[in-house]
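Everything below concerns the one structure shown next.
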Amino acid sequence: MSLPHLRPLAGGILLALCGMAAAQDVRLAPVVVTATRSAQSPYDIPAAIDVAATPPDGSLDVNLSERVQAIPGIVARDRQNYAQDTQVSIRGFGARSTFGIRGVRLYTDGIPASMPDGQGQVSHFNLDSADRVEVLRGPFSALYGNASGGVVQLFTADGTDPAELRFGVAGGSNGNFRSSVNARGVDGPVDYNVDFTHFRTSGYRDHSAARRESGNAKIGWKIDDDKKLTVVVNTLDVPDAQDPLGLTREQYKADPRQVATAADTFNTRKSADQQQAGLIYDQRIDAANSLRVMGYYGQRGVTQYLSIPIATQLSQPGNSGGVVDLDNEYGGGDARWTWHDTLAGRPFELAAGVAYDNQEQHRQGYENFVGDTLGVRGAKRRDEIDRVFDFDQYAQATWRVADDWTLMGGARHSDVRFRSTDRYMAAGNPDDSGTVKYSATTPVFGVLWRAASWMHVYANWGRGFETPTFSELGYRADRGPGLAFDLKPSHSHNAELGLKLRPTDSMEAGLAVFRADSDDELAVATNLGGRTTYQNIARSRRQGIEASFKDELARNLRFVASYTHLQASFRTPFLTCVSAGCPAPDTPVQAGTHIPGVPRSTGYAALNYGDARGWQAGLDMNAMGTTSVNDLGTESAPGYALFGLSGGYVFDEGPWRVNTFARVDNLADRHVIGSVIVNDGNGRYYEPAPGRSFLVGVDVRWR
């Protein structure tokens with residue numbers, strides 16, 4: 001469906017929403033900062049940004065996918081595989097990732113959770129201590145630099161007055177268990193929020209058990225009325241999370257709970273530990289000027305046992321083995337000045353800053369066997385020091401040129417440099433050291449028209465870019481030495497037209513039509529000997545429509561719904577591999593083929609009843625459209641709709657608040673594919689979602 005065909009649908013939704021409107025004042029919305037870098041109402045921003053402030057009723061609240069399911073445009077798939085991170089994509093950007101998250105920028109309290117090459121993870125997002133999660137979509141994401149197909153930012157809550165001590169525990173099907181303890185309060189000039197969360201699971205599928213310990217502390221010190229210093233410390237430990245791998249279509253149909261044979265054979269698993277600290281200094285210089293300086297440092301170690309066959313490791317020179325050992329040190333900073341005054345007698349705000357991020361990774365590879373013993377660390381096959389850093393300059397301005405009109409624009413210049421120093425040379429494996437540099441300037445511009453107090457219309461346009469990650473640069477398609485220097489960054493042209501409605505004090509609705517055209521999209525070139533190489537595709541396109549609605553239908557009865565229709569396709573033909581052993585691209589992919597990993601549509605709806613105390617109840621629905629799984633478009637995961645039911649009772653007396661809850665997911669006990677592994681070389685594309693599952697729990701607060 002092209003954009004011209006989308007316009008009648010957009011117009012129909014617009015008329016339906018406007019028909020419910022009455023010209024009256026609207027209530028103030030929660031503020032967001034990701035789009036403009038200053039606190040503003042999302043209703044007054046010419047960009048698509050939404051906030052998830054509270055966890056869904058009766059949820060474990062340990063995965064990002066639980067928080068953002070009601071926000072259109074973002075897909076966060078809980079893979080039921082804690083050896084791999086949650087899959088996150090925004091308007092189709094980031095969908096090709098088979099591990100980690102790329103194409104989407106991630107932040108916690110303004111501190112990057114994405115590395116300079118664009119790859120990141122959300123496993124250390126501590127949701128129990130979070131105040132909200134903001135999701136920015138569309139052109140203004142480009143103001144966050146490399147790989148900004150969208151931005152997801154988690155904000156830790158400030159300390160509360162009076163102080164609170166919180167404790168929660170929940171457990172249910174598949175051995176899921178979560179416990180957490182949280183303390184937050186204010187003591188003179190100091191506010192604090194300290195949290196520790198434990199999670200473990202036996203897994204829906206065989207060989208998928210995992211344990212995760214997450215700690216987060218945010219401590220703020222108000223030096224005086226104009227200065228504040230904030231420290232954020234985060235820790236994560238995931239020891240030996242089992243990886244069941246994906247299944248073929250035939251395996252999934254036979255038994256969705258089974259594990260791939262190779263997973264048992266090599267005991268595939270992953271361990272990760274991370275410690276990170278950030279320091280944020282805010283100063284109001286005078287009535288018009290303010291300064292914000294942020295610095296951070298972290299360490300992350302990863303050890304992963306893969307299922308690469310012994311024969312492949314021995315027969316392919318330069319193969320890096322079946323055990324990955326990564327030691328990462330990373331850090332950086334951001335300094336931003338903000339001026340808020342008037343220009344030509346109208347409110348004007350300008351933010352300008354510089355950012356630097358650096359990652360140094362010691363990457364080692366080992367055979368995953370010793371003699372006849374499999375799934376153990378063997379001889380070394382790879383040893384290199386990889387470094388990537390960026391240095392960016394950015395500026396962003398917002399000008400209310402008239403009572404009914406606001407202009408917003410900005411630009412960011414990015415320099416991203418990669419350096420790899422090879423420390424392992426052997427017969428058939430020459431020195432692979434090398435360097436490569438990418439740079440880009442990404443302008444954006446938007447306009448907001450306040451057509452009425454209950455209706456705001458906006459439009460925006462911008463450019464974006466995405467460099468290859470180190471994983472994609474690591475091997476050349478021609479199997480020569482050095483990094484894949486021939487890979488180019490992808491550049492995109494993005495446009496969006498949107499509508500924001502506040503017809504009543506309780507009703508909110510939104511509609512956005514968007515298109516993103518990319519040049520030099522990255523896609524798979526070859527799969528050979530455990531190596532995946534990449535190539536640039538001339539043109540690709542992502543276009544679609546987003547709609548959202550929420551209202552209080554009656555006293556204590558709330559309804560929320562969202563829908564996204566997305567078409568993502570390659571616009572030019574190219575060659576790719578269709579087997580694990582092809583030495584060069586040999587099979588044509590036709591123009592118009594759907595980009596894999598991108599569902600054709602997604603939808604969510606929930607009806608919730610309850611007040612701050614007393615009985616609570618909820619019914620919700622999650623829907624996912626058909627999702628292609630490979631570049632050829634020859635296989636796909638079918639769509640589905642799953643229903644969930646929750647209920648509980650909240651006691652709130654004196655200093656105590658006790659929330660008891662229960663939940664049932666997948667009420668109809670359907671067998672569905674919850675996530676996909678794009679372009680898997682063995683055809684194991686599918687990761688099944690759990691059948692009917694249960695959860696009960698209690699959260700206690702003492703004030």
Between D282 and K222, does at least one N-O distance fall below 4.0 Å, as a salt bridge requires?
-> no
Closest approach of P468 to L522 (non-hydrogen atoms, all atoms of both residues) | CA-CD1, 3.8 Å
Run the numbers on F559 and D551 for side chain to side chain contact (heavy atoms under 4.5 Å, CB included), then give the verdict.
-> CA-CA 5 Å; F559 176 72; D551 191 18; 5.6 Å; no
Drop me the distance from S89's OG to R77's CZ, to the nearest 0.5 angstrom.
-> 7.5 Å
d(I111 CD1, Q153 CD) to nearest 0.5 Å is 9.5 Å
Residue from R400, H456, R450 passing side-chain hydrogen bond (donor to acceptor under 3.5 Å, both in side chains) with T406 = R450
Is a donor on one side and an acceptor on the other found under 3.5 Å between the side chain of N494 and the backbone of P139?
-> no
Taking Q359 for its side chain and P116 for its backbone only, find out whether a donor-acceptor pair lies under 3.5 Å.
-> no
Donor-acceptor contact present, side-chain R102 to main-chain T469, <3.5 Å | no
D334 and Y296 side chains, donor-acceptor separation under 3.5 Å | no
Just wondering, are more than 12 heavy atoms of other shown residues or ligands nearer than 6.0 Å to CH2 in W221?
-> no
Taking every non-hydrogen atom, the tightest pair across F445 and L407 = CZ-CD2, 4.1 Å
Any side-chain heavy-atom pair from R346 and D403 closer than 4.5 angstrom?
-> yes
Is any NZ, NE, NH1 or NH2 atom of the basic residue among R91 and E546 found under 4.0 Å from an Asp or Glu carboxylate oxygen of the other?
-> yes
Does K500 use its side chain to pair, donor to acceptor, with the backbone of A47 at less than 3.5 Å?
-> yes
Nearest 0.5 Å, what's the CG-CG distance between D226 and L291?
-> 12.5 Å
State, without any angle test, whether S65 and N63 hold a side-chain donor-acceptor pair at a distance under 3.5 Å.
-> no
Between the side chain of T442 and the main-chain N/O of R412, is any donor-acceptor distance below 3.5 Å?
-> yes
With F155 as partner, the option from T34, V51, V133, V32 fulfilling side chain to side chain contact (heavy atoms under 4.5 Å, CB included) is T34
Please say whether more than 12 non-hydrogen atoms of neighbouring residues, nucleotides or ligands are located less than 6.0 Å from CH2 in W461.
-> yes
For the residue pair M115 and R300, establish whether any side-chain heavy-atom pair is separated by less than 4.5 Å.
-> no
Is the backbone of L106 close enough, under 3.5 Å, to the side chain of S114 for a donor and an acceptor to pair up by distance?
-> yes
Give the C-alpha distance, both sets of side-chain angles, the deciding distance and a yes or no for side chain to side chain contact (heavy atoms under 4.5 Å, CB included) between M408 and N460.
-> CA-CA 9 Å; M408 192 166 82; N460 54 51; over 6 Å; no
State whether F514 and R137 meet the cation-pi test: NZ (Lys) or CZ (Arg) under 6.0 Å from the six-membered ring centroid, and within 45° of the perpendicular axis.
-> no
Any side-chain heavy atom of Q276 sitting closer than 4.5 Å to one from T108?
-> yes
Using atom types as modelled and distance alone, determine if a side-chain donor or acceptor of E508 lies under 3.5 Å from a backbone N or O of K550.
-> no
Side chain proximity check, N216 to V232, heavy atoms < 4.5 angstrom | yes
Other residues, nucleotides, ligands: >12 heavy atoms within 6.0 Å of R417 CZ | no
For the side chain of S562 and the backbone of A70, is there at least one donor-acceptor N/O pair under 3.5 Å apart?
-> yes
From Y330 atom OH to Y297 atom OH, the distance as rounded to the nearest 0.5 Å = 9.0 Å
Check whether any side-chain N or O of N536 sits under 3.5 Å from a backbone N or O of K488 as a donor-acceptor pair, and report yes or no.
-> yes
Could you pull out the closest heavy-atom pair between Y192 and A183, with the gap in Å?
-> CD1-O, 3.8 Å
Y438-F465 aromatic ring centre distance below 6.0 Å = no
Is any side-chain heavy atom of F140 closer than 4.5 Å to a side-chain heavy atom of T36?
-> no
Shortest non-hydrogen separation from K228 to G220 and the atoms involved = CE-CA, 4.0 Å
Hey, are the side chains of V122 and I101 touching, using non-hydrogen atoms and a 4.5 Å cut-off?
-> yes
Do S214 and N126 have a side chain donor and acceptor closer than 3.5 Å?
-> yes
V88 versus A76, closest heavy-atom pair with distance = CG2-CB, 4.3 Å
Could you tell me whether a side-chain N or O of N193 sits under 3.5 Å from a main-chain N or O of S129, the two making a donor and an acceptor?
-> yes
R387 CZ: over 12 foreign heavy atoms closer than 6.0 Å | yes
Would a 4.5 Å heavy-atom cut-off, applied to side chains only, mark I49 and E134 as touching?
-> yes
Hey, what do you get for CZ (R105) to CG (L136), rounding to the nearest 0.5 Å?
-> 13.0 Å
Heavy-atom nearest pair, G150 first then S141, reads CA-OG, 3.4 Å
Look up atom OG1 in T441 and atom CZ in R463, then write down how far apart they are to the nearest 0.5 Å.
-> 9.5 Å
Result for side-chain hydrogen bond (donor to acceptor under 3.5 Å, both in side chains) between K218 and one of T156, D158, N234, D195 points to D158
List the steps, then state whether side chain to side chain contact (heavy atoms under 4.5 Å, CB included) holds for S414 with N146.
-> CA-CA 7 Å; S414 301; N146 177 29; 5.5 Å; no
Does a side chain donor of either Q396 or Y394 reach within less than 3.5 Å of an acceptor in the other side chain?
-> no
Give a yes or no on this: more than 12 heavy atoms of other residues, nucleotides or ligands lie within 6.0 Å of atom CG of D187.
-> no
Take D341 and F348 through the side chain to side chain contact (heavy atoms under 4.5 Å, CB included) test and state the conclusion after the steps.
-> CA-CA 5 Å; D341 208 327; F348 182 82; over 6 Å; no
So which of R541, R539, R542 actually passes salt bridge (Lys or Arg N to Asp or Glu O under 4.0 Å) with E521?
-> R542
Would you check if I219 and V190 make a side-chain contact, meaning some heavy-atom pair closer than 4.5 Å?
-> yes
